[in-house]
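Below: one structure, written as structure tokens.
In what follows, every chain begins at residue 1, and chains take the letters A, B, ... in the order their sequences are listed. As the structure is a prediction and not an experimental result, all values here were calculated from the model. No hydrogens, no waters, no symmetry mates; every other heavy atom, side chains included, goes into these values.
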2 protein chains.
Amino acid sequence: MDRFLSNTINKVDKKGRVSIPASFRPILGNTSRLYILSSVDQPTVDAGGVELIERKEQQLERMDPFSEDYELYSFVLHGDSTELKIDGEGRVVLSDLIREQTGITDRAAFVGRGHFFQIWEPERFRAYREEARKKVAEMRRAKSGGAQLGAGGGANGGVAAGQGEQNT
Amino acid sequence: MDRFLSNTINKVDKKGRVSIPASFRPILGNTSRLYILSSVDQPTVDAGGVELIERKEQQLERMDPFSEDYELYSFVLHGDSTELKIDGEGRVVLSDLIREQTGITDRAAFVGRGHFFQIWEPERFRAYREEARKKVAEMRRAKSGGAQLGAGGGANGGVAAGQGEQNT
DNA sequence: AATTTGCCCATGATATCCCATAAATTAAGC
DNA sequence: GCTTAATTTATGGGATATCATGGGCAAATT
């Protein structure tokens with residue numbers, strides 16, 4: 001249990017509180033603080049422990065300082081970050097900043113991203129997720145030239161394609 | 001016995017639990033954690049130990065962290081994965097995520113794939129398997145220009161052996 | 001005084017643990 | 001080679017333990 005995985009949708013109560021998924025809590029450590037960074041590309045925020053900020057700063061340093069991306073990243077990183085307090089039940093109060101950034105009202109989707117997680121407005125998450133899956137599927141198809149069975153990650157399945165639809 | 005072989009169909013009980021085939025358990029090691037990755041191509045999920053995720057993360061690290069591909073791949077990898085707890089009897093409860101992805105309701109097919117295994121809705125597995133066989137046969141025919149050797153009726157090219165039903 | 005914010009407790013719904021049992025595979029014995 | 005005893009499995013169910021969620025209340029803000 002050392003990375004943020006899976007996704008869950010939790011309710012935001014009248015006081016603006018949401019439960020951080022229980023499976024995410026231990027990964028954050030013993031802290032009672034949750035760090036939040038706005039995403040520049042999507043209507044979501046990144047969340048995690050302090051190391052999240054550090055990591056992002058390191059990323060920033062690796063970017064071209066004259067690019068527009070750098071400017072944006074830098075601006076958002078230092079300007080739009082927040083620190084939330086985690087209460088005894090593992091909840092946080094979503095700030096106005098987060099609401100504006102994500103569009104969240106009464107429900108929030110928590111999405112594991114490995115060393116951090118994201119908080120989305122459920123509907124937007126659903127849409128983006130679908131799109132992402134579709135694109136990854138295309139990516140995979142392009143790479144393997146169509147000969148792929150299963151998502152074995154380098155697996156040597158050795159069997160020809162076969163499309164098989166997603167769900168029903 | 002160090003790779004996942006063969007396939008079995010087990011029942012999902014009212015609580016949503018399924019037994020992981022006993023022959024698969026020792027291969028997972030001493031863990032009580034089963035990692036699940038959903039396939040973007042087929043209505044199935046890949047299952048295995050942490051290595052399964054780590055392997056994919058290594059692929060990620062070889063990509064450009066600022067590319068859209070990286071973003072999408074990471075999003076799907078971490079956001080659509082799950083970690084299931086294996087109980088004392090070697091069972092796991094299938095999450096909603098898995099149900100949606102696979103279409104599983106009351107029975108689940110466990111299919112060995114070497115260094116990981118898959119979980120399918122039995123009917124879909126049967127259908128996909130047949131299709132896969134057919135394509136393998138075609139592939140072979142195409143390659144050999146019609147001259148085949150030892151590709152007799154019962155041969156099941158490349159796909160895990162065994163009948164759709166448990167033992168026989 | 002009227003809101004917020006932080007802390008504590010309550011509760012229904014799941015999830016997890018533990019024990020029971022029948023089916024089935026393996027080992028043992030004849 | 002068969003038949004039976006001994007072990008594993010798969011599966012079920014009850015008893016707890018966790019979790020998400022709601023509400024109360026008092027200290028801190030405004």
Side-chain angles (χ1 to χ4, degrees), chain A residues 1 4-28 30-34 36 47 82-100 104-112 117 119-120 122 125, chain B residues 1 4-28 30-36 47 82-100 104-112 117 119-120 122 161-168:
Chain A
M1 236 202 230
F4 298 100
L5 292 180
S6 184
N7 64 83
T8 345
I9 294 174
N10 284 340
K11 201 185 174 200
V12 179
D13 69 21
K14 295 162 206 161
K15 294 182 177 181
R17 298 174 298 188
V18 227
S19 287
I20 297 171
S23 61
F24 286 6
R25 265 117 71 169
I27 307 174
L28 289 170
N30 288 320
T31 353
S32 63
R33 303 188 181 291
L34 183 70
I36 303 285
T82 329
E83 183 185 318
L84 300 182
K85 176 139 206 225
I86 304 174
D87 73 15
E89 279 69 47
R91 290 175 290 196
V92 291
V93 177
L94 299 180
S95 64
D96 291 342
L97 208 106
I98 297 176
R99 282 172 201 284
E100 285 167 23
I104 289 174
T105 58
D106 62 335
R107 299 197 317 152
F110 291 79
V111 183
F117 62 90
I119 308 178
W120 290 74
F125 166 59
Chain B
M1 225 202 242
F4 301 100
L5 294 177
S6 179
N7 62 77
T8 329
I9 294 176
N10 283 341
K11 198 185 174 200
V12 179
D13 69 22
K14 295 163 208 159
K15 294 182 178 181
R17 298 174 298 189
V18 228
S19 287
I20 297 171
S23 61
F24 286 7
R25 263 118 71 171
I27 307 175
L28 289 170
N30 287 321
T31 358
S32 63
R33 304 183 186 292
L34 183 71
Y35 290 85
I36 302 286
T82 326
E83 182 187 306
L84 299 183
K85 186 152 206 180
I86 303 174
D87 73 15
E89 280 70 46
R91 290 175 290 194
V92 291
V93 311
L94 300 179
S95 64
D96 291 343
L97 225 89
I98 298 176
R99 282 175 207 282
E100 285 166 24
I104 290 174
T105 58
D106 62 336
R107 298 198 318 153
F110 291 79
V111 184
F117 62 90
I119 307 179
W120 290 74
Q163 292 310 306
E165 284 301 329
Q166 220 158 318
N167 47 46
T168 298

[X] [atom1] to [N] [atom2]: how many Å, rounded?
X: B/Asp106; N: D/dG12; atom1: CG; atom2: P; answer: 10 Å
X: A/Ile86; N: C/dC8; atom1: CD1; atom2: P; answer: 16 Å
X: B/Arg107; N: D/dA10; atom1: CZ; atom2: P; answer: 15 Å
X: B/Leu94; N: C/dT14; atom1: CG; atom2: C1'; answer: 15 Å
X: A/Asp96; N: C/dT3; atom1: CG; atom2: C1'; answer: 14 Å
X: B/Leu34; N: C/dA15; atom1: CG; atom2: C1'; answer: 16 Å
X: B/Phe24; N: D/dT9; atom1: CZ; atom2: P; answer: 14 Å

* To do: Would you please name every residue forming a side-chain contact (heavy atoms from CB on, under 4.5 Å) with B/Asp96, sequence neighbours left out?
  =>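 Residues passing side-chain contact (heavy atoms from CB on, under 4.5 Å) with B/Asp96: B/Arg99, B/Glu100.
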
Who passes side-chain contact (heavy atoms from CB on, under 4.5 Å) against A/Ile86, sequence neighbours left out?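 Scan of A/Ile86 (side-chain contact (heavy atoms from CB on, under 4.5 Å), adjacent residues dropped) gives A/Ile20, A/Leu28, A/Leu34, A/Val92.
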
Notebook entry, point to check: With nearest nucleotides of DNA chain C determined for A/Asp87 and B/Lys85 from heavy-atom distances, which residue corresponds to the more 5′ nucleotide?
Noted result: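 Closest to the 5' end, via its nearest nucleotide, is A/Asp87.
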
Mind checking whether B/Phe24 and B/Phe110 have parallel, tilted or perpendicular rings, split at 30° and 60°?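 It falls in the perpendicular class, over 60°.
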
Counting primed atoms, P, OP1 and OP2 as sugar-phosphate and everything else as base, the B/S/- map of nucleotides 13-23 of chain D against protein heavy atoms under 4.0 Å is BBB---SSBBB

Quick one: salt bridge (charged side-chain N to carboxylate O under 4.0 Å, His left out) partners of A/Glu89, sequence neighbours excluded?
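If we apply the salt bridge (charged side-chain N to carboxylate O under 4.0 Å, His left out) test to A/Glu89, skipping adjacent residues, the hits are A/Arg91.
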
Just to verify, what does A/Arg33 make a salt bridge (charged side-chain N to carboxylate O under 4.0 Å, His left out) with, not counting sequence neighbours?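 Partners of A/Arg33 under the salt bridge (charged side-chain N to carboxylate O under 4.0 Å, His left out) test: A/Glu83.
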
Just grab all the salt bridge (Lys or Arg N to Asp or Glu O under 4.0 Å) pairs involving residues 14-25 of chain B, residues at least two apart or on different chains.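 Applying salt bridge (Lys or Arg N to Asp or Glu O under 4.0 Å) to every pair that reaches into residues 14-25 of chain B, excluding sequence neighbours, yields B/Asp13-B/Arg17.
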
What distance separates B/Phe117 CZ from B/Leu5 CG, expressed to the nearest 0.5 Å?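 One finds 12.5 Å between CZ of B/Phe117 and CG of B/Leu5.
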
message: Any side-chain to backbone donor/acceptor pair from A/Asn10 onto A/Val18? Under 3.5 Å, distance only.
response: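 Flag not set: sc A/Asn10 to bb A/Val18 has no pair under 3.5 Å.
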
Using five pairs at either end of the helix from C/dA1-D/dT30 to C/dC30-D/dG1, determine the angle between the two local helix axes and round it to 10 degrees.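 About 30°, once rounded to a multiple of 10°.
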
Going by side-chain hydrogen bond (donor to acceptor under 3.5 Å, both in side chains), name the residues that satisfy it together with B/Asp106, two or more places apart in sequence or in a different chain.
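With sequence neighbours excluded, B/Asp106 shows a side-chain hydrogen bond (donor to acceptor under 3.5 Å, both in side chains) to no residue whatsoever.
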
